[in-house]
Amino acid sequence: MKRSSSHRAAVAGRRVAMGLVVLVLLVAGAWSSWDTAHHIVLAKGRDHGTVTVTGCGEERCTGSFTPDAASRERPRVTLDRSVAAREGDRFPVVVKPGSDAVVRTGLPGFLHAWVPLAGALLLAGFVIGGGLRMVRTAWGVGTTGAALLVATFVAL
């Protein structure tokens, strides 16, 4: 049976729409991740040191900052609660320019910075599989997102 041109146009329209949804998901995930990740990836010239967590609130933790040799001293720094396990923990950080906010560095900090992209990859896998009917690609994209989330959980 021969397909009509309107059917082919509907299939093409669905593919374009689902492709745009995947594109928006991945761009939003990368954009959101880059907001934190660029402090880790492009850390040259920024203040580096070690933070010791002294207290945590609902969303933020505070701690004392021990600078590296080339960094300036700060009496107190803040960081997102999600990267600080509990009071007394110590880990390497980089200071966000123009503030006393810090971002965790090293492999745990790097992985944590990319969690929004991992979630976007996981969601995009469902759209690719269901909307675009590209099952192998969907499994690859979804598995990559899930692996990144699991690696972050293990590293933190």
Side-chain angles (χ1 to χ4, degrees), residues 1-51 53 56-63 65 71 74 77-86 89 91-156:
M1 178 171 170
K2 195 172 183 179
R3 303 272 181 180
S4 68
S5 61
S6 63
H7 181 266
R8 286 191 301 265
V11 169
R14 179 179 53 92
R15 285 187 168 268
V16 167
M18 292 296 108
L20 287 174
V21 169
V22 169
L23 182 66
V24 166
L25 279 171
L26 295 179
V27 167
W31 185 280
S32 182
S33 293
W34 188 246
D35 186 45
T36 301
H38 81 277
H39 296 294
I40 300 165
V41 175
L42 306 173
K44 188 175 181 181
R46 298 177 197 242
D47 287 341
H48 294 261
T50 304
V51 69
V53 179
C56 290
E58 289 287 324
E59 295 179 14
R60 314 281 281 157
C61 288
T62 58
F65 180 71
S71 302
R74 296 165 192 273
V77 293
T78 62
L79 65 153
D80 290 335
R81 182 176 173 91
S82 60
V83 295
R86 57 189 164 271
D89 283 353
F91 43 81
V93 293
V94 64
V95 180
K96 291 181 180 181
S99 72
D100 285 331
V102 295
V103 177
R104 188 171 184 171
T105 59
L107 182 62
F110 180 80
L111 290 173
H112 184 266
W114 292 104
V115 164
L117 179 62
L121 285 167
L122 196 58
L123 287 173
F126 288 109
V127 176
I128 292 168
L132 294 174
R133 311 240 190 260
M134 299 170 63
V135 178
R136 288 183 183 157
T137 304
W139 273 103
V141 169
T143 302
T144 302
L148 183 54
L149 288 172
V150 169
T152 304
F153 178 77
V154 170
L156 286 177

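- Not counting sequence neighbours, the partners of Arg14 by the side chain to side chain contact (heavy atoms under 4.5 Å, CB included) test are Val11, Met18, Arg133.
- In this structure, Thr105 contributes its side chain and Val94 its backbone to no donor-acceptor pair below 3.5 Å.
- For the side chain to side chain contact (heavy atoms under 4.5 Å, CB included) criterion with Cys61, the lone passing option out of Val53, Asp89, Val77 is Val53.
- Partners of Leu123 under the side chain to side chain contact (heavy atoms under 4.5 Å, CB included) rule, at least two apart in sequence or in another chain, are Leu25.
- In this structure, the side chain to side chain contact (heavy atoms under 4.5 Å, CB included) partners of Ser99, at least two apart in sequence or on a different chain, are Lys96, Ala101.
- Residues satisfying the side chain to side chain donor-acceptor pair (under 3.5 Å) test with Thr78, not counting sequence neighbours, are Arg60.
- With sequence neighbours left out, the side chain to side chain donor-acceptor pair (under 3.5 Å) criterion links His39 to Arg46.
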Donor-acceptor contacts, no H, no angles, side chain residues 149-156, under 3.5 Å, sequence neighbours left out:
residue	atom	partner	partner atom	Å
Thr152	OG1	Leu111	O	3.3
Thr152	OG1	Leu148	O	2.8

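- In this structure, the side chain to side chain donor-acceptor pair (under 3.5 Å) partners of Ser4, at least two apart in sequence or on a different chain, are Ser6.
- Here the side chains of Phe65 and Val93 are in contact, with some heavy-atom distance below 4.5 Å.
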Which pairs would a plain distance check flag for residues 138-147, meaning a side-chain donor or acceptor within less than 3.5 Å of a matching protein atom at least two apart in sequence or in another chain?
residue	atom	partner	partner atom	Å
Thr143	OG1	Trp139	O	2.6
Thr144	OG1	Gly140	O	2.7

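- Inter-residue side-chain proximity for Leu26 and Leu121 is flagged as met; some heavy-atom pair is nearer than 4.5 Å.
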Inset, instruction - Could you go through the side chain to side chain contact (heavy atoms under 4.5 Å, CB included) check for Asp47 and Arg74 one step at a time? - result: CA-CA 10 Å; Asp47 287 341; Arg74 296 165 192 273; 2.7 Å; yes
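- In this view, Phe110 and Ile40, Val41, Trp114 satisfy the side chain to side chain contact (heavy atoms under 4.5 Å, CB included) rule, not counting sequence neighbours.
- Listed by chain and number, the residues in a salt bridge (charged side-chain N to carboxylate O under 4.0 Å, His left out) with Arg15 amount to none (sequence neighbours excluded).
- Within the structure, no pair that satisfies the side chain to side chain donor-acceptor pair (under 3.5 Å) test touches residues 19-38, not counting sequence neighbours.
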